[in-house]
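Below is one structure, written out as structure tokens; comments come after it.
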Amino acid sequence: MYTGAIMVTQPVYMGGAIKTANDLAAKGEELAHNNLENKRQTVLYAVDNAYWMAVSLKNKERLAEQYKSLVEKLQQEGGAARSGGLKVDVAVNTADLELTRARDGVALVKMALCELCGLPLNGELRLADEGVSQAMPDRMSMGAYATDTTFSARPEVRMLTNLVDMTELNTRLIQSLYKPHVARAGGYLVSNPNVFNGFEQKFAGVWNIGIVMQVPIWNWGESKYRTRSAKTMTTIANLELSDLRSKINLQVEQSRFQLKEATLKLEKSRKNLAAAEENLRCANLGFKEGVMTVTDVQRAQTAWLMAQTQHLDAEIDVRLAQTSLHKAMGTIGK
């Protein structure tokens, strides 16, 4: 006896499972996009920090060269006067050492920047702010950083929001399994021998079409327990989302405070730098007139170097604080 059958079923109503599954797939795709954006912002944050660190070290290298020129000039003048030659020699050697350290630091941080950017480690990398005398930060008021209280710009928040939506959709998907299901069905059945003309020894078949309905009656509480478990996952996801928003709010406020503190530090460093430059000018003039010693000039040079370094560090701190605030608000790279 030979039999064969082809059956085709088309769902009509599956308790909302089909639409819910499509929505769940769309949320999964959105979650993947947000995860990609989160990784992109993380890379941008790391690159931005490495970039400004490289700019800082490059400017410190230039500053070391200027300091070396100052002490070498003092060495010539001090040698001619036969006064304080040993102290000046020590200062020149120290300047050479600091210059070597600065150059080594620039090379290492540029290698790290190349690694983050996917460039060859030994490649020549020239930064846009490398030749700028002062990497002046953007003059932006604190009001320019408007805070979104929902932090929807942060990909982490969007990812957890997607997770909350997915858990809700999963609850609906579980509930749909225990609702009535209706489907259209049709097919063709063939057999040999067939039953149409006695038991005729040849292939013959019959078409059939109908409606199939499945109605759950009793499942021993399975639907209730599975639905309760799914709703618990939604509650956990909502708690995690609320906790994340609180942490981001704290992070934003900390970044704002750091930016405010760095801005005040920059303003003070500008005043200290102006005073140190005037002090150095007076010391050089007094040394030429013979009313100041080599030690006085060295002190003025050291104070000038310290003021320049503090001013440079303050500028970079403002840049890094701005980057941290943009990262905390989810607006980095936008």
When rounded to the nearest 0.5 Å, the distance separating CG of Leu113 from OH of Tyr51 is 9.0 Å

| Are Leu169 and Ile18 in one and the same hydrophobic cluster, where Ile, Leu, Val, Met, Phe, Trp and Tyr link if side-chain heavy atoms are under 4.5 Å apart? | no

_Under a 4.0 Å threshold between the charged nitrogen and the carboxylate oxygen, would Lys327 count as salt-bridged to Asp48?_
no

- Message: Does any part of the side chain of Trp304, heavy atoms only, come nearer than 4.5 Å to the side chain of Asn279, both counted from C-beta?
- Response: no

*Under a 4.5 Å cut-off applied to non-hydrogen side-chain atoms, are Leu97 and Arg101 in contact?*
yes

Practice item. Flag yes if more than 12 heavy atoms outside Tyr225 fall under 6.0 Å of its OH atom; otherwise flag no. Key: no

ask   = Any chance the side chains of Thr235 and Asn238 put a donor and an acceptor closer than 3.5 Å?
value = no

Between the NZ atom in Lys110 and the CG atom in Leu127, the distance rounded to the nearest 0.5 Å is 5.0 Å

Trp220 with Leu177, same ILVMFWY side-chain cluster at under 4.5 Å: no

### Query
Taking C-beta and beyond as the side chain, do Met1 and Pro193 meet within less than 4.5 Å on heavy atoms?
yes

Quick check against the 3.5 Å criterion: does Asn49 have a side-chain atom that pairs as donor or acceptor with the backbone of Tyr45? yes

One should read off an interatomic distance between Leu320 CG and Trp52 CH2, to the nearest 0.5 angstrom, of 9.0 Å

Sorted by chain and residue number, the side-chain hydrogen bond (donor to acceptor under 3.5 Å, both in side chains) partners of Thr309 (sequence neighbours excluded) come out as none

field: Salt-bridge criterion met for Glu65 and Lys68 (N-O under 4.0 Å)
entry: no

### Query
Would a 4.5 Å heavy-atom cut-off, applied to side chains only, mark Asn194 and Gln201 as touching?
no

Sorted by chain and number, sequence neighbours left out, side-chain hydrogen bond (donor to acceptor under 3.5 Å, both in side chains) with Ser152 holds for Asp148

Going by chain and number, the hydrophobic cluster around Leu285 (ILVMFWY, side chain to side chain under 4.5 Å) further includes none

Greater than 12 external heavy atoms within 6.0 Å of Met233's CE:
no

Is there a side-chain contact (heavy atoms from CB on, under 4.5 Å) between His311 and Arg270 once you walk through the steps? CA-CA 6 Å; His311 181 62; Arg270 288 194 181 111; 3.3 Å; yes

Between Asn249 and the options Arg245, Glu253, Lys247, Gln251, the side chain to side chain contact (heavy atoms under 4.5 Å, CB included) test singles out Glu253

Yes or no on side-chain contact (heavy atoms from CB on, under 4.5 Å) for Ile248 and Val252, after CA distance, side-chain angles and deciding distance?
CA-CA 6 Å; Ile248 292 177; Val252 170; 4.2 Å; yes

* Is any side-chain heavy atom of Met159 closer than 4.5 Å to a side-chain heavy atom of Leu163? -> no

So the side-chain hydrogen bond (donor to acceptor under 3.5 Å, both in side chains) pairs with at least one residue in residues 6-17 (sequence neighbours excluded) are Gln10-Arg184

Applying side-chain contact (heavy atoms from CB on, under 4.5 Å) to Pro180 and not counting sequence neighbours gives Val215

Sequence neighbours excluded, the answer for side-chain contact (heavy atoms from CB on, under 4.5 Å) partners of Arg158 is Asn34, Glu37, Pro155

Any donor-acceptor pair under 3.5 Å linking the side chain of His326 with the backbone of Ala321? no

Looking only at heavy atoms, the pair that brings Glu61 and Arg103 closest together is OE2-CG, 3.2 Å

Across all chains, not counting sequence neighbours, the side-chain hydrogen bond (donor to acceptor under 3.5 Å, both in side chains) partners of Glu29 are none

**Item:** Cluster link Ile316 to Leu116, ILVMFWY, side chain under 4.5 Å
**Value:** yes

Interatomic distance, CE@Met306 vs CD@Gln301, rounded to 0.5 Å, equals 13.5 Å

### Single-linkage hydrophobic cluster, 4.5 Å side-chain cutoff, Val164 and Leu173 together
no

Note, Val206 side chain near Tyr188 side chain (heavy atom, < 4.5 Å): no

Rounded to the nearest 0.5 Å, the OG1 atom of Thr167 sits from the CG atom of Asn162 at a distance of 10.5 Å

Sequence neighbours excluded, the answer for side-chain hydrogen bond (donor to acceptor under 3.5 Å, both in side chains) partners of Glu115 is none

On a heavy-atom basis, the closest approach of Ser324 and Ser255 is O-OG, 3.8 Å

Sorted by chain and number, sequence neighbours left out, side-chain contact (heavy atoms from CB on, under 4.5 Å) with Met166 holds for Leu24, Lys27, Leu31

(Q) I'd like to check Gln308 versus Leu312 (side-chain heavy atoms, cut-off strictly below 4.5 Å). Are they in contact? (A) no

### Message
For a side-chain contact (heavy atoms from CB on, under 4.5 Å) check, start with the C-alpha distance between Gln254 and Leu250, then their side-chain angles and the critical distance, and finish with the verdict.
### Response
CA-CA 6 Å; Gln254 288 177 339; Leu250 177 61; 3.9 Å; yes

Sorted by chain and residue number, the ring pair (Phe, Tyr, Trp, His ring centres under 6.0 Å) partners of Phe203 (sequence neighbours excluded) come out as none

message: Test of understanding: clusters of I, L, V, M, F, W, Y form through side-chain heavy atoms closer than 4.5 Å, transitively. Do Leu189 and Trp207 belong to the same one?
response: no

The side-chain contact (heavy atoms from CB on, under 4.5 Å) partners of Val109 (sequence neighbours excluded) come to Met53, Ala54, Leu57

The complete set of salt bridge (charged side-chain N to carboxylate O under 4.0 Å, His left out) pairs with one or both residues in residues 208-226, sequence neighbours excluded, reads Glu222-Arg226

Report the C-alpha distance between Leu266 and Asp317 in whole Å, list the side-chain angles of each, state the deciding distance to 0.1 Å, and finish with yes or no for side-chain contact (heavy atoms from CB on, under 4.5 Å). CA-CA 9 Å; Leu266 178 60; Asp317 286 345; over 6 Å; no

When rounded to the nearest 0.5 Å, the distance separating CG of Asn170 from OG1 of Thr20 is 10.0 Å

